[in-house]
2 protein chains.
Amino acid sequence: MSRGSPTTTSYAVLGLLSIKPWSSYELTQQMDRSLGRIWPRAVSKLYEEPKKLVDHGLARASTEQNGQRTRTVYTITAKGRRALATWLQHPGEGPVIEFEQLLKVFFSENGTKADTLATLLAAQGWARARCAESLPVGERYAEGEGLFPERLPELQLTSRFITDFYLLVLNWARWAATIVETWPDDPRQATYESEVIAETIARARRAVKDDKTEAGETRHVKD
Amino acid sequence: MSRGSPTTTSYAVLGLLSIKPWSSYELTQQMDRSLGRIWPRAVSKLYEEPKKLVDHGLARASTEQNGQRTRTVYTITAKGRRALATWLQHPGEGPVIEFEQLLKVFFSENGTKADTLATLLAAQGWARARCAESLPVGERYAEGEGLFPERLPELQLTSRFITDFYLLVLNWARWAATIVETWPDDPRQATYESEVIAETIARARRAVKDDKTEAGETRHVKD
DNA sequence: ACATGATACTCCCTTTGGAAGTAAGATGTT
DNA sequence: AACATCTTACTTCCAAAGGGAGTATCATGT
């Protein structure tokens, strides 16, 4: 009656258990607040996942009583810690993105200029809302009051990616809106700018060729 | 015997049909080459989707014969075009990202410094490989030879986002590697830099506050 | 006392991923 | 010409996952 082999989601939950024991409700909350930004999972599945970990011997469950209510707390096992370490030995897959607003921009010619502008505005709003959610969390860490401060070496890396991703969405949507503003009302009559294409090609070319340059930090500091 | 209501994937396929009729195999190829970068879908589902469109009256199927082999070609209907236009009237959801390598960085303390560096190197490789795939496509468009050049007003917008996303992954992974290089062998003994946290906060703060600035284009040109 | 929100889950049905498979045509190699 | 390999053109199957709807109990607000 053993369930299928552990998935990446299994390891995500196991990784949280490596920090401390969590109740299943707390796990869903914690995923929603942090990991869900880079590995989003439905709540129902988050309740199932720890049970699978227990089946595999990677975690233990204990039940607590609060009046008529029970709460299940999960704790990582030594086998779980070893499994996590083994999982970390393989680099994992690159990012997968699903961007519905961009999909709509891709098919703009089937709608109106106003549709496209509204979509780009919504993308901007999305990015800002994400940053607005992140800010107080970051500020709490800066004040020395964030959760699990011993994890800040990792958190500084992951939060930088997440924030920059939001900024990418925001800046792209703003830039794209300046272009779509110049479109005629019928998107089918829009024209493109060869310099935009050329700039995009130049950026991709630099990435492919920049194998030898360790300029990452310089670039980031100077932004 | 009507299937469930159209999904975003349905509209993605319908959008491709709005450009021209496609056989189901061609649809899978085209998704793999272009739309799959921002709306990835499994091949098996891509074969199913056009059948659903036909069920809903949004497309028509016709069968062609090639020796003993048949091929099914799908064509959008007028109802399909209207449905697509209606779908475009609603802005859609912001991006969802699943980044397994970043998840592993998040749990670095359970592995070794070398694990983390390998993961960051793999992320760089991923980004470069994606740019290397995109380059010849972009260059073909620059030479005036790309597919569906009448769609270049849209393509210039979407390809910019996609390329900049790859660059984000590449530059972040390089920058993160410079930091992880300074870590001790045991990641649990690593320290963080408060300036990094502060910079991330500053970036998020600017995004939330920059409601009034239309600096998108300037920023992009100056990069 | 009652309403509302939070805690703490479960169930259900649809969508989706991806591996494995089948079949026939086209091209390459000997 | 025979065979191998790749491409075209799909289908099937089972596991993973999404998300809505639901139940029950505690805690807080009015």
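Here the structure is a predicted model, which means the values were calculated and not measured. Convention: sequence-line order gives letters A, B, ...; per-chain numbering from 1. Below, all heavy atoms of this structure are taken into account, side chains as well, without hydrogens, waters or symmetry copies.
Taken from SG in B/Cys131 to CZ in A/Arg206, the straight-line distance is 10.5 Å, to the nearest 0.5 Å.
Listed by residue number, the members of residues 13-28 of chain B with any heavy atom below 4.0 angstrom from DNA chain D are B/Ser24, B/Tyr25.
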Would you please test A/Thr116 and A/Thr119 for side chain to side chain donor-acceptor pair (under 3.5 Å) and show each step?
-> CA-CA 5 Å; A/Thr116 307; A/Thr119 295; over 6 Å; no
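If you check the side chains of A/Thr9 and A/Arg41, you find a donor sitting under 3.5 Å from an acceptor.
Nucleotide C/dA8 holds its C1' atom 15 Å from the CG atom of A/Asp32, rounded to whole Å. Between B/Glu93 atom CD and D/dG18 atom C1' there is a gap of 13 Å when expressed in whole angstrom units. When rounded to the nearest whole Å, the span between CD of B/Glu49 and C1' of D/dA9 equals 18 Å. The CG atom of B/Asn66 sits 7 Å away from the P atom of D/dA9 (whole-angstrom rounding). Look at OH on B/Tyr11: it is 13 Å from P on C/dT15, rounded to the nearest Å. A/Lys52 has its NZ atom 7 Å from the C1' atom of D/dA16, to the nearest Å. Nucleotide D/dA15 holds its P atom 13 Å from the NE2 atom of A/His56, rounded to whole Å. One interatomic measurement links the two molecules: CG of A/Leu46 to C1' of C/dC11, which rounds to 16 Å at whole-angstrom precision.
Among the heavy atoms of the strands lying under 4.0 Å from B/Arg69 is at least one base atom, whether or not backbone atoms are also near. Heavy atoms of A/Pro40 sit under 4.0 angstrom from primed sugar atoms or phosphate atoms, though from no base atom. Using a 4.0 Å heavy-atom cutoff across all strands shown, B/Ser44 reaches at least one base atom of the nucleic acid.
Listed candidates were D/dG18, C/dT16, C/dA8. Nearest to the side chain of A/Ala42 is D/dG18. Between C/dG25, D/dC26, D/dA16, one nucleotide has an atom nearer to the side chain of A/Gln68 than all others, and that is D/dC26. Residue A/Tyr47 has its side chain nearest to C/dT10 when only C/dT10, C/dT7, D/dA17 are considered.
Under a cut-off of 6.0 angstrom, the local environment of OH in B/Tyr47 is crowded, with over 12 non-hydrogen atoms contributed by other residues, nucleotides or ligands. For A/Arg33, the CZ atom is densely surrounded, since the number of other residues' heavy atoms within 6.0 Å is greater than 12. Other residues, nucleotides and ligands place no more than 12 heavy atoms under 6.0 Å from the CD atom of B/Glu93.
Taking side-chain N and O atoms only, B/Lys51 has no distance below 4.0 Å to OP1 or OP2 of D/dC10. In terms of phosphate contacts, A/Thr70 brings no side-chain nitrogen or oxygen within less than 4.0 Å of OP1 or OP2 of C/dC9. The shortest distance between the side-chain N/O atoms of A/Thr72 and the OP1/OP2 oxygens of C/dA8 is not below 4.0 Å.
In this structure, A/Arg151 is positioned above the aromatic face of B/Phe106, its NZ or CZ under 6.0 Å from the six-membered ring centre and within 45° of the axis. With B/Trp175 as the aromatic partner, A/Arg160 meets the cation-pi criteria of under 6.0 angstrom to the ring centre and within 45 degrees of the ring axis.
Nearest-nucleotide positions on DNA chain D place B/Val43 closer to the 5' end than the other of A/Gly67 and B/Val43. Both A/Lys45 and A/Arg71 sit near DNA chain C, but only A/Arg71 has its closest nucleotide nearer the 5' end.
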